[in-house]
2 protein chains.
Amino acid sequence: MSLDSFDRALLDAVQRDATTAQHALGEQVNLSSAAVNRRLKKLTADGVIRKTVALVDPASVGYSLTVITEVQVENERLDLLDAMKRTFMACPQVQQCYYVAGEYDFVLIMQVKHMEQYTELTRALFFESNNVKRFNTLVSMSNLKVGLEVPLLA
Amino acid sequence: MSLDSFDRALLDAVQRDATTAQHALGEQVNLSSAAVNRRLKKLTADGVIRKTVALVDPASVGYSLTVITEVQVENERLDLLDAMKRTFMACPQVQQCYYVAGEYDFVLIMQVKHMEQYTELTRALFFESNNVKRFNTLVSMSNLKVGLEVPLLA
DNA sequence: CCGATTTATGCAATTTCATTGCATAAATCC
DNA sequence: GGATTTATGCAATGAAATTGCATAAATCGG
């Protein structure tokens with residue numbers, strides 16, 4: 001599963017725009033459309049391309065608030081942590097969830113309709129958990145950069 | 001630019017998997033492939049679909065460390081803030097950047113190859129800025145959930 | 001370093017998919 | 001409630017993805 005410069009160039013192209021036709025990608029990287037097709041297929045089969053998705057503008061569908069929440073747990077017992085992970089991951093408003101080292105244990109990136117919905121969710125996710133010592137809420141005033149692109153040229 | 005339940009169902013489908021053929025989407029939501037095509041085109045033109053991208057697995061391309069950094073600024077002068085925003089946004093390893101209210105001013109989600117690269121970047125992004133009062137680093141031990149999906153059914 | 005094997009490539013044919021004209025149905029607007 | 005706008009399905013068209021095949025490049029073993 002080693003990637004050459006063709007693969008990297010293709011990955012960089014499709015992670016920016018996956019709608020580009022394969023023959024056009026081929027021109028960019030100097031490959032035939034058949035080669036592009038086979039490489040992309042292999043990259044997908046190998047899991048280098050996790051998935052191809054449409055990015056929906058949250059505000060356009062009523063989700064105009066982004067909140068980042070740091071969560072500190074009470075007890076680090078594995079089964080308790082696992083239960084929390086599952087709860088967080090099952091919540092659709094939790095867009096991203098990181099288990100981190102340091103003072104806090106989890107960082108959540110949440111998409112909510114409005115502050116009221118966030119307040120509700122804190123109840124369900126944090127207060128009703130019996131293992132949250134405290135949490136800290138960072139309200140985003142501006143989502144300056146939002147994406148999942150990985151540096152491939154640098 | 002109002003969205004009906006067809007639109008929402010389509011958005012939900014393509015934000016999970018944008019490779020699904022339009023006739024297949026049509027079956028899921030009970031529309032012809034032509035209708036699906038026209039709706040998706042309109043959703044894209046209207047900016048509801050921001051873009052369609054391939055999600056690249058960071059670890060597969062050597063980016064195995066995710067770090068979340070909270071940054072507190074020294075001075076909130078607009079021109080200084082703007083300069084910082086530009087610096088952050090221009091850095092490819094800064095995958096996401098949020099301008100937040102509260103104790104800290106920025107939250108960055110960074111993808112780096114290893115801790116050493118992060119250390120380098122802190123120098124360039126924070127120490128060499130003359131407007132960072134302090135920053136706090138949260139190292140991700142596990143990226144439990146990573147995505148940009150917006151709740152559309154809930 | 002060279003021949004043998006594996007792997008990747010381009011071309012062209014095929015197939016699948018996206019796209020559009022058109023007539024009809026649904027929804028919206030006086 | 002009729003007129004206009006808008007969305008739909010069907011079917012034809014066009015474009016794109018996919019695959020067989022022969023060739024070229026790369027890799028491997030001695």
Side-chain angles (χ1 to χ4, degrees), chain A residues 1-63 147-153, chain B residues 1-63 147-153:
Chain A
M1 201 236 309
S2 64
L3 308 179
D4 60 18
S5 63
F6 285 119
D7 291 319
R8 257 186 280 275
L10 288 173
L11 287 172
D12 186 61
V14 296
Q15 85 172 165
R16 294 172 195 281
D17 182 2
T19 67
T20 315
Q22 295 176 350
H23 70 84
L25 293 172
E27 284 179 16
Q28 288 178 34
V29 304
N30 277 320
L31 278 180
S32 69
S33 82
V36 171
N37 183 281
R38 286 185 278 248
R39 278 173 181 267
L40 288 178
K41 191 156 295 180
K42 184 171 190 332
L43 288 167
T44 302
D46 292 350
V48 180
I49 294 177
R50 289 201 302 114
K51 54 202 301 208
T52 298
V53 300
L55 301 186
V56 174
D57 174 48
S60 297
V61 294
Y63 280 79
L148 294 175
E149 289 174 24
V150 181
L152 285 168
L153 309 180
Chain B
M1 199 238 307
S2 64
L3 307 179
D4 62 16
S5 64
F6 285 120
D7 290 320
R8 258 186 280 275
L10 288 174
L11 287 172
D12 187 61
V14 295
Q15 85 172 164
R16 294 171 194 280
D17 182 3
T19 66
T20 315
Q22 295 177 350
H23 70 84
L25 293 172
E27 284 180 14
Q28 289 179 34
V29 303
N30 276 320
L31 278 180
S32 69
S33 82
V36 171
N37 183 281
R38 287 185 278 248
R39 279 174 178 266
L40 288 178
K41 192 157 294 180
K42 183 169 191 336
L43 289 167
T44 302
D46 292 349
V48 180
I49 294 178
R50 290 200 302 115
K51 54 203 301 208
T52 298
V53 301
L55 301 186
V56 174
D57 174 47
S60 298
V61 294
Y63 281 79
L148 294 174
E149 289 174 24
V150 181
L152 285 168
L153 308 180

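In this text the structure is predicted, and so the values were computed from the model without any measurement. A, B, ... follow the sequence lines: proteins, then strands. Residue 1 opens every chain.
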Task: Of the listed nucleotides D/dG9, C/dT19, C/dT9, the one nearest the side chain of B/Lys41 - done: C/dT19
Task: Nearest non-hydrogen partners of A/Val53 and B/Asp17, listed with the distance - done: CG1-N, 4.5 Å
Task: Residue pair A/Arg39 / A/Asp4, side-chain heavy-atom distance below 4.5 Å - done: yes
Task: Selected nucleotide, minimal atom distance to B/Arg38 side chain, candidates D/dA17, C/dT20, C/dC17 - done: C/dT20
Open item on the list: Using whole Å, what does the distance between atom P of nucleotide C/dG10 and atom CD of A/Glu27 come to?
Closed with: 13 Å
- [ ] Locate the shortest heavy-atom distance separating B/Gln28 from B/Ala13; write the atom from each residue and the value.
- [x] OE1-CB, 4.1 Å
Task: Exercise: identify the closest heavy-atom pair between B/Tyr63 and A/Val150 - done: CD1-CG1, 3.7 Å
TODO: Please state whether the phosphate of C/dC17, meaning OP1 or OP2, lies under 4.0 angstrom from any side-chain nitrogen or oxygen of B/His23.
DONE: yes
TODO: Please report the shortest heavy-atom distance between B/Ala9 and B/Val29, naming the atom on each side.
DONE: CB-CG1, 3.6 Å
- [ ] Heavy atoms only: give me the nearest A/Leu148-A/Gln15 pair and the separation to one decimal.
- [x] O-NE2, 4.4 Å
- [ ] Ignoring the backbone of B/Gln22, work out which of C/dA18, D/dA7, D/dA16 is nearest its side chain.
- [x] C/dA18
- [ ] Go through D/dA7, D/dA17, C/dA18 for me and flag the one nearest to the B/Arg39 side chain.
- [x] D/dA7
Task: B/Ala35, nearest nucleotide to its side chain (from C/dT20, D/dT8, D/dA16) - done: D/dT8
Task: Rounded distance in Å - CG (A/Leu25) to P (D/dA16) - done: 12 Å
Open item on the list: Quick check: closest heavy atoms across B/Ile49 and A/Ala54, and the distance to 0.1 Å?
Closed with: CG2-CB, 4.0 Å
Task: Whole-Å distance separating the CG atom of B/Leu31 from the P atom of C/dA18 - done: 15 Å
Task: Whole-Å distance separating the CG atom of B/Leu40 from the P atom of D/dA7 - done: 14 Å
Open item on the list: Can you list, in residue-number order, the parts of residues 45-53 of chain B that come under 4.0 Å of DNA chain D, counting heavy atoms only?
Closed with: none
- [ ] Write down the distance between NZ (A/Lys42) and C1' (C/dT6), rounded to a whole number of angstrom.
- [x] 14 Å
Measure all distances between protein nitrogen or oxygen atoms and nitrogen or oxygen atoms of nucleotides 23-30 of chain C, and list the pairs falling under 3.5 Å.
none

Open item on the list: Looking at C/dA18, I'd like to know if its phosphate oxygens (OP1 or OP2) sit under 4.0 Å from a side-chain N or O belonging to B/Asn37.
Closed with: no
TODO: Ignoring the backbone of A/Ala34, work out which of D/dA16, C/dC11, D/dT8 is nearest its side chain.
DONE: C/dC11
